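Residue numbers run from 1 in the order of the sequence given. The basis for the numbers below is simple: all heavy atoms, side chains too, and nothing from hydrogens, waters or symmetry mates. It should be emphasised that the depicted structure is a prediction, and the values quoted were computed from it without experimental measurement.
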Amino acid sequence: MKKLNRKGFTLIELLAVIVILAVVLVVTIPSVISSMNTAKGKQLKNSADSITEWFTKQYELATLGSDMVGTPDAAYTNFVSGLTDQKLPTSAPGATMTPEILKAAGLTDTNNIEGKVYLNVNKICIKLKAKNGSQFFNSSVSEDDPKNNVEGSGC
């Protein structure tokens, strides 16, 4: 009698493995996407806080004068000189930040980011909006959703 040399997997075994992998993917993909969107929102919030700190420092340097503490960044000086009355607005919606000022404040990718700045009592208020195409954009919600619009720590 001939002995059959059976090596490999049966069709049923292969199908069982494929079904198990499909179930694992269906369960994990939504949680991964949710985690990515949460991270984008936190990254946008951190950027708003960093820009708030930068603007606060520049505003203080401009307000105190350059005798002992130094001078504000040239990007800040150019930005403010282009505003009405050469002062930061004191109410919302505020002055629109240019990509140059966002880069000077520490934001590396300014594509599809809209920023506003104004004085809120004695604090700098920064509002950032991530638009579609931005690295911060949370695609699971609309552009007007709070997840795509954050305020800095001074607001």
Side-chain angles (χ1 to χ4, degrees), residues 1-61 70 72-80 82-83 88-89 91-155:
M1 187 187 263
K2 250 186 178 180
K3 222 179 188 185
L4 293 176
N5 191 2
R6 294 184 137 191
K7 292 183 180 177
F9 298 103
T10 66
L11 181 59
I12 303 237
E13 291 170 331
L14 289 174
L15 287 175
V17 169
I18 291 171
V19 167
I20 291 170
L21 288 174
V23 168
V24 168
L25 285 174
V26 166
V27 170
T28 58
I29 286 177
S31 64
V32 169
I33 290 172
S34 174
S35 296
M36 286 173 44
N37 286 333
T38 301
K40 287 179 182 180
K42 288 180 181 179
Q43 187 180 15
L44 185 62
K45 175 69 174 140
N46 289 342
S47 294
D49 289 342
S50 295
I51 293 170
T52 301
E53 288 178 28
W54 183 85
F55 258 98
T56 301
K57 178 183 175 191
Q58 301 307 316
Y59 177 73
E60 289 170 352
L61 287 172
D73 192 290
Y76 175 84
T77 306
N78 292 338
F79 175 72
V80 172
L83 299 176
L88 291 176
S91 61
T96 302
M97 292 184 273
T98 63
E100 292 77 30
I101 200 76
L102 289 170
K103 283 184 181 179
L107 193 61
T108 55
D109 185 3
T110 60
N111 293 330
N112 299 309
I113 297 287
E114 180 180 286
K116 301 277 187 177
V117 59
Y118 64 92
L119 284 171
N120 182 13
V121 186
N122 289 328
K123 294 182 178 179
I124 300 288
C125 185
I126 301 290
K127 292 186 176 189
L128 291 181
K129 179 178 184 176
K131 295 183 176 184
N132 195 355
S134 162
Q135 67 175 353
F136 305 111
F137 187 70
N138 184 339
S139 58
S140 65
V141 295
S142 73
E143 279 190 6
D144 296 325
D145 191 280
K147 292 179 182 175
N148 285 324
N149 296 277
V150 298
E151 295 181 346
S153 54
C155 297

Side chains of [X] and [Y]: closer than 4.5 Å at any heavy-atom pair?
| X | Y | answer |
| --- | --- | --- |
| L119 | Y59 | yes |
| L61 | Q58 | yes |
| I126 | F55 | yes |
| L128 | L102 | yes |

Exercise. For atom CG of L21, is the number of surrounding heavy atoms from other residues, nucleotides or ligands below 6.0 Å larger than 12?
Worked result: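 Yes, enclosed.
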
Problem set entry | N122 CG: over 12 foreign heavy atoms closer than 6.0 Å |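 Open.
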
If you compare all heavy atoms of [X] against all heavy atoms of [Y], which two are closest, and at what distance to 0.1 Å?
| X | Y | result |
| --- | --- | --- |
| T98 | F79 | N-CE1, 4.4 Å |
| D109 | F136 | O-CE1, 4.4 Å |
| L107 | S47 | CD1-OG, 3.6 Å |
| V150 | G41 | CG1-O, 4.5 Å |
| L25 | P30 | O-CD, 4.4 Å |
| L44 | A130 | CD2-CB, 3.9 Å |

Any residue meeting side-chain contact (heavy atoms from CB on, under 4.5 Å) with [X], in chain and number order, not counting sequence neighbours:
| X | answer |
| --- | --- |
| N149 | K129 |
| T96 | K116 |
| E53 | none |
| P89 | L83, A95, Y118 |

Exercise. Who are the salt bridge (charged side-chain N to carboxylate O under 4.0 Å, His left out) partners of K45, not counting sequence neighbours?
Worked result: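 Salt bridge (charged side-chain N to carboxylate O under 4.0 Å, His left out) list for K45, sorted by chain: D49.
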
Exercise. By salt bridge (charged side-chain N to carboxylate O under 4.0 Å, His left out), which residues pair with D73, not counting sequence neighbours?
Worked result: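 Applying salt bridge (charged side-chain N to carboxylate O under 4.0 Å, His left out) to D73 gives none.
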
Exercise. What pairs of residues pass the side chain to side chain donor-acceptor pair (under 3.5 Å) test when at least one of them lies in residues 20-36, not counting sequence neighbours?
Worked result: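 Checked against side chain to side chain donor-acceptor pair (under 3.5 Å) - neighbours excluded - no pair reaches residues 20-36.
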
Let me confirm one number: the [atom1]-[atom2] distance from [X] to [Y], rounded to the nearest 0.5 Å.
| X | Y | atom1 | atom2 | value |
| --- | --- | --- | --- | --- |
| N120 | E151 | CG | CD | 8.5 Å |
| M97 | I51 | CE | CD1 | 5.5 Å |
| S134 | K40 | OG | NZ | 8.5 Å |
| N138 | N148 | CG | CG | 5.5 Å |
| I113 | K103 | CD1 | NZ | 12.5 Å |
| T10 | L14 | OG1 | CG | 6.5 Å |

Going by the rule side chain to side chain donor-acceptor pair (under 3.5 Å), which residues pair with [X] if we only count those two or more places apart in sequence or in a different chain?
| X | value |
| --- | --- |
| N132 | none |
| K147 | none |
| K42 | none |
| K131 | E114 |

Exercise. Does anything in residues 11-38 pair up under salt bridge (Lys or Arg N to Asp or Glu O under 4.0 Å), and if so which pairs, sequence neighbours excluded?
Worked result: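 Qualifying pairs: none.
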
